[in-house]
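Each remark here refers to the structure printed beneath this line.
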Amino acid sequence: AALSKWLADFRAASPRRLRVAVIGGGLAGLSSGKYLSDAGHLPIVLEARDVLGGKVSAWRDADGDWVETGLHIFFGAYPNMMNLFQELGIEDRLQWKEHSMVFARPDRPGEFSRFDFPSWLPAPLNAFWAIAWNSDMLTWPEKIKFGLALVPMLLAGQKYIEAQDELSVKEWMRRNGVPDRVNDEIFIAMAKALDFIDPDKLSMTVVLTAINRFVNETNGSRMAFLDGNQPDRLCAPLKSHIEARGGEVRVGQRVQRIVLRPDGSVDHLRLVDGQRVEADVYVSAMPVDVVKLLLPGEWKAMPYFQQLQNLEGIPVINLQLWFDRKLRCENQLMFSRSPLLSVYADMSRTCREYYDPNRSMLELVFAPCSPVAGADRDWIAQTDEEIVAATMGELARVFPDEIAADGSKARLLKAAVVRTPRSVYAAVVGRNKYRPRQATPVPNFVLAGDYTMQRFLGSMEGAVLSGKLAAETVCRKLLAN
Ligand code: FAD
């Protein structure tokens, strides 16, 4: 909130309005455009595709149903995202659910285990209560051993959390005397939900970052769903906000080259269709894998840009399955605890726009889905039919009374499979130190994107914060000159 105010005050204080070209119309690019326009500048957001949102983009299929790039959950512990919703006046678009975490029980197919956070207790007591009252998943000795292992984090905070980046979740558990069962019962599901990879690969910093927010903020782990498709309900208000302040948001504008001046700073952008875009400052809000490809040769030897070679997006698949009947799902995000699947939700219950009283539409994250992330095969390269068949097999285990892999129970009406071969940066062991700050060594070039350095890892919150920090960087550079 303080940074939002600083940026808005900058508008009144600054004599100069800069023209800023923002490359990428995902959340980081749109957030950067929003805060630059709040600070009085003129952003031009250039999105390559014909839809805004990047990893939160969606489009309609032939029947008019929305197909999403990913199932997206908003946490109470997303302060910048919550501010953004308030600043845009769209807080009522978040549909908050009961404060619970619901896990499927592979030992008892068809049953679920809940961690309920009571609303009358503040943090961290509500988290301790939720863990104490759940007796399905962990024994008391396991809970105590895990609780003791968290003491250094509770005492030392962020410094301790960042130092754990050299350990995987599984290694950290073993070193701290936490039984493997805690990893198997809880953290396989958590790791897959947080970064689409298994806990023997995921950095412990990621899990501790989430736990730290969840135990310190009363509503930190409370979850909300957007009330409809992301382009209309979230990206469109951002676009309107930018345009109302004189900025522009253009789709179908793929940047092909960053053209430099003799001194190594950016002269202009060359788009695929031959257009040339000139600005005072340039913000890249592209995913790290694309940035690496577009870096001008002159910059490649700089250590700041070289570190990007250590970052890479992780593959993930999102599925939507439309059934002919209503399944017995909760109005919640569910952790599937199945080898192939991560989290899922019945969007016909959780999301107002997709509401259907008679039929369920499950949206599921299929992860890990490549050997790098821990999968037994490269699922991303399989056909839609193979991916849907494998998912139905897993769902038959989770809902044995309602779904059969051969389709003899609930009938699958249609399916949508969206592959993202390079999604959020893979937060495997030892990567945090390579995440770049938003200010680059090039005077008129700034980075935004969920992979850039900020406290919220690869997430919507991280993307929004990175855009805001990029806007702040532009303003501070102007003040310094
Ligand atoms: P992106 O969204 O990737 O945006 C980059 C944009 O740059 C894209 O629109 C792209 O088209 C554009 N671009 C690329 N190249 C060019 C070019 N040459 N010229 C112009 N434009 C270009 N996060 C959560 O917080 N909660 C969740 O529940 C959650 N679930 C997820 C589920 C899935 C399946 C996926 C894939 C992600 C999920 N995330 C979740 C992560 C979240 O979506 C991302 O962290 C966030 O949206 C990233 O935003 P970004 O702007 O940094 O990158």
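- Using cut-offs of 30° and 60° on the angle between ring planes, the pair Phe10 and His41 is tilted.
- Around atom CD of Glu98, no more than 12 heavy atoms belonging to other residues, nucleotides or ligands sit under 6.0 Å away.
- For the pair Arg174 and Trp172, the cation does not sit on the ring face, since its NZ or CZ is not both under 6.0 Å from the ring centre and inside 45° of the axis.
- Within 6.0 Å of CZ on Arg175 lie no more than 12 heavy atoms contributed by other residues, nucleotides or ligands.
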Working for salt bridge (charged side-chain N to carboxylate O under 4.0 Å, His left out), residues Asp165 and Arg431: CA-CA 7 Å; Asp165 193 46; Arg431 293 300 122 150; over 6 Å; no
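- Ion pairing of Arg337 with Glu185 is present here, as a side-chain N (NZ or NE/NH1/NH2) and a carboxylate O approach within less than 4.0 Å.
- At least one side-chain heavy atom of Phe115 sits less than 4.5 Å from a side-chain heavy atom of Met137.
- Because its NZ or CZ atom is not both nearer than 6.0 Å to the ring centre of Trp379 and within 45° of the ring axis, Arg419 does not count as a cation-pi partner of that residue.
- Within the 4.5 Å cutoff, no side-chain heavy atoms of Ser4 are placed close to those of Leu7.
- With sequence neighbours left out, Gln320 forms a side chain to side chain contact (heavy atoms under 4.5 Å, CB included) with Val67, Glu68, Asn318, Trp322, Met361, Glu363, Ala416.
- Taking each heavy atom of Pro368 and Ala373 in turn, the nearest pair found is CB-O, 3.3 Å.
- No more than 12 heavy atoms of other residues, nucleotides or ligands shown are found within 6.0 angstrom of CG on Asp50.
- The ring of Phe75 has its center closer than 6.0 angstrom to the ring center of Phe214.
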